[in-house]
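Order of the sequence lines sets the chain letters (A, B, ...), proteins ahead of strands, with each chain counted from 1.
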2 protein chains.
Amino acid sequence: MSEYEGAFDRMLKLAVVLNEDMNHGLTQLGLTQSRAHVLWELHHKGPTTQRVLADVIRVSARNITGLVDALVATGFVTRQPHPTDRRAVLVTLTEHGTKTADAMDREHQELARVLFSGMPAVQFDCFVEGLDKVLVELQDRVVASIP
Amino acid sequence: MSEYEGAFDRMLKLAVVLNEDMNHGLTQLGLTQSRAHVLWELHHKGPTTQRVLADVIRVSARNITGLVDALVATGFVTRQPHPTDRRAVLVTLTEHGTKTADAMDREHQELARVLFSGMPAVQFDCFVEGLDKVLVELQDRVVASIP
DNA sequence: TATTGTTATACTCTATAACTATA
DNA sequence: TATAGTTATAGAGTATAACAATA
């Protein structure tokens, strides 16, 4: 049974290293993970209310207020009036915010390339297939254990 | 080039799900990730000074003071006098702390089993080999980019 | 003089609850 | 009455810097 543990530990280690690498990249860009998450959503959704951001990122409205405050202060986004609902604001990327999101996108692709280039096709396919199995297994397990 | 991206995104998603699952388990045990990390080191090293804990976990001495305060308050560890150095304290697992660390160990093994059982041997081997390659690649990349 | 740990201070992410303005 | 966002308050993790006691 314990033959699995080595692979599992490698997986955890990979997650840690990946996370450190990502944080390092974000720091270079003047971002934290949470703020980058907001930027990412805005990049994909376009101008968005804070309510929607809170829902998709799954944090409190209060927290979004703070994150948007920080992103405004550092020049990544602005708050624009909502055209039809005067209670709401539309959080909108500045030019700097857009450029930064593009840079994140490029780094994301670059990292994927660096990671998997040099892996032979057969092995790559096995790896991907294994990943899929693991994800399905784990999601089942999580769903079963969390409610 | 972009055939890699799907696999990479799966990997990131797996890391996220894994992290959520782990946090859920830790909450059940009355721990946070940072406190669990301290517990884990104590479990493997035995009674340890705060200075050493700060070094292995790579956080400030101030932070260790806070984490140990919290673990003392919640009954996982005690501070014992160091036998030869009166400046230092030995952070020591209580019985509850030891039992909790054992439980973490069991859950760790159980999760590995659940994840990989049902994966055919050939596929498992490919997966593990792929993981190794990826880890080596990524560590090279991180080492190259971080200094 | 160097080291261990604490106190002081500050920043980030997170939450709940009370409140304002608007729907 | 319900919703969008803010203010108030609190707790966790993180850091640096100044300081105490001890080596």
Side-chain angles (χ1 to χ4, degrees), chain A residues 16 19-20 22-24 26-42 45 47-92, chain B residues 16 19-20 22-24 26-42 45 47-92:
Chain A
V16 169
N19 193 52
E20 281 171 2
M22 229 175 316
N23 267 336
H24 173 254
L26 291 177
T27 302
Q28 304 284 51
L29 297 171
L31 288 169
T32 63
Q33 276 191 344
S34 301
R35 295 175 196 178
H37 196 164
V38 174
L39 216 62
W40 194 251
E41 291 299 336
L42 291 172
K45 285 196 194 316
T48 305
T49 65
Q50 295 190 183
R51 181 67 261 162
V52 170
L53 285 173
D55 289 341
V56 299
I57 295 182
R58 299 213 289 214
V59 296
S60 64
R62 175 62 186 92
N63 199 354
I64 288 294
T65 296
L67 293 174
V68 172
D69 284 351
L71 286 169
V72 168
T74 46
F76 291 96
V77 307
T78 58
R79 284 183 167 102
Q80 302 294 333
H82 191 287
T84 65
D85 186 340
R86 285 197 302 171
R87 293 169 306 178
V89 301
L90 283 177
V91 185
T92 306
Chain B
V16 169
N19 193 53
E20 282 171 2
M22 229 174 314
N23 268 336
H24 173 254
L26 291 177
T27 301
Q28 304 284 53
L29 297 171
L31 288 169
T32 63
Q33 276 191 345
S34 301
R35 294 175 196 180
H37 195 165
V38 174
L39 215 63
W40 195 251
E41 291 299 335
L42 291 172
K45 286 197 194 315
T48 305
T49 63
Q50 295 189 183
R51 179 69 260 161
V52 170
L53 285 174
D55 289 341
V56 298
I57 296 182
R58 299 215 287 215
V59 296
S60 64
R62 175 63 187 93
N63 198 356
I64 288 293
T65 296
L67 293 173
V68 171
D69 284 351
L71 286 168
V72 169
T74 47
F76 291 95
V77 308
T78 58
R79 284 185 168 101
Q80 302 293 333
H82 191 286
T84 65
D85 186 340
R86 285 197 301 170
R87 294 169 306 179
V89 299
L90 282 177
V91 185
T92 307

Do any side-chain nitrogens or oxygens of B:Thr65 fall under 4.0 Å of OP1 or OP2 in C:dT6?
yes
Between P on D:dA23 and CZ on B:Arg51, what's the gap in Å once rounded to a whole number?
17 Å
Length of the CD1-C1' vector between B:Ile57 and D:dG13, whole Å
12 Å
Please state how far atom CG in B:Leu26 lies from atom P in D:dA12, giving the value in whole angstrom units.
15 Å
Working to the nearest 0.5 Å, report the span between CD of A:Gln33 and CG of A:Asn23.
4.0 Å
For atom CG of A:Leu67 and atom P of D:dG5, their distance in whole Å
14 Å
Could you tell me whether the phosphate oxygens of D:dA15, OP1 or OP2, come under 4.0 Å of any side-chain nitrogen or oxygen in B:Ser60?
yes
Residue mapping more 5' on DNA chain C - nearest nucleotide basis, A:Arg86 or B:Asp85
B:Asp85
The residue among B:Val72, B:Leu90, B:Thr48 that forms side-chain contact (heavy atoms from CB on, under 4.5 Å) with B:Val77 is B:Val72
Taking atom CD1 of A:Ile64 and atom CZ of A:Arg62, what is their separation to the nearest 0.5 Å?
11.0 Å
If the cut-off is 4.0 Å, is B:Arg79 near the phosphate of C:dT4, judged by side-chain N/O to OP1 or OP2?
no
If we only count heavy atoms from C-beta on, is the B:Leu42 to B:Leu53 side-chain gap below 4.5 Å?
yes
Given atom CD of B:Gln50 and atom P of C:dT3, what is their separation to the nearest angstrom?
17 Å
Nearest to side-chain heavy atoms of A:Arg87, which nucleotide of C:dA21, C:dC13, C:dA15:
C:dA21
Report yes if a side-chain nitrogen or oxygen of B:Gln33 is closer than 4.0 Å to either non-bridging phosphate oxygen (OP1 or OP2) of D:dA12; otherwise report no.
no
How many whole angstroms separate atom CG of A:Asp55 from atom P of D:dG5?
10 Å
Using only side-chain N and O atoms of B:Arg35, determine if any of them is under 4.0 Å from OP1 or OP2 of D:dG13.
yes
Please tell me if B:Asn63 has a side-chain N or O lying less than 4.0 Å from either OP1 or OP2 of D:dG13.
no
Tell me whether the OP1 or OP2 atom of D:dA12 has a side-chain N or O from B:Ser34 closer than 4.0 Å.
no
Interatomic distance where CG belongs to B:Asp69 and C1' belongs to D:dT14 [whole Å]:
15 Å
Scanning both residues in full, the closest heavy-atom pair of A:Phe76 with A:Leu29 reads CZ-O, 3.4 Å
Rounded to whole Å, CD1 of B:Ile64 lies from C1' of D:dT16 at a distance of 16 Å
So if I take every side-chain heavy atom of A:Ala61 and compare against C:dC13, D:dT6, C:dT7, which nucleotide ends up nearest?
D:dT6
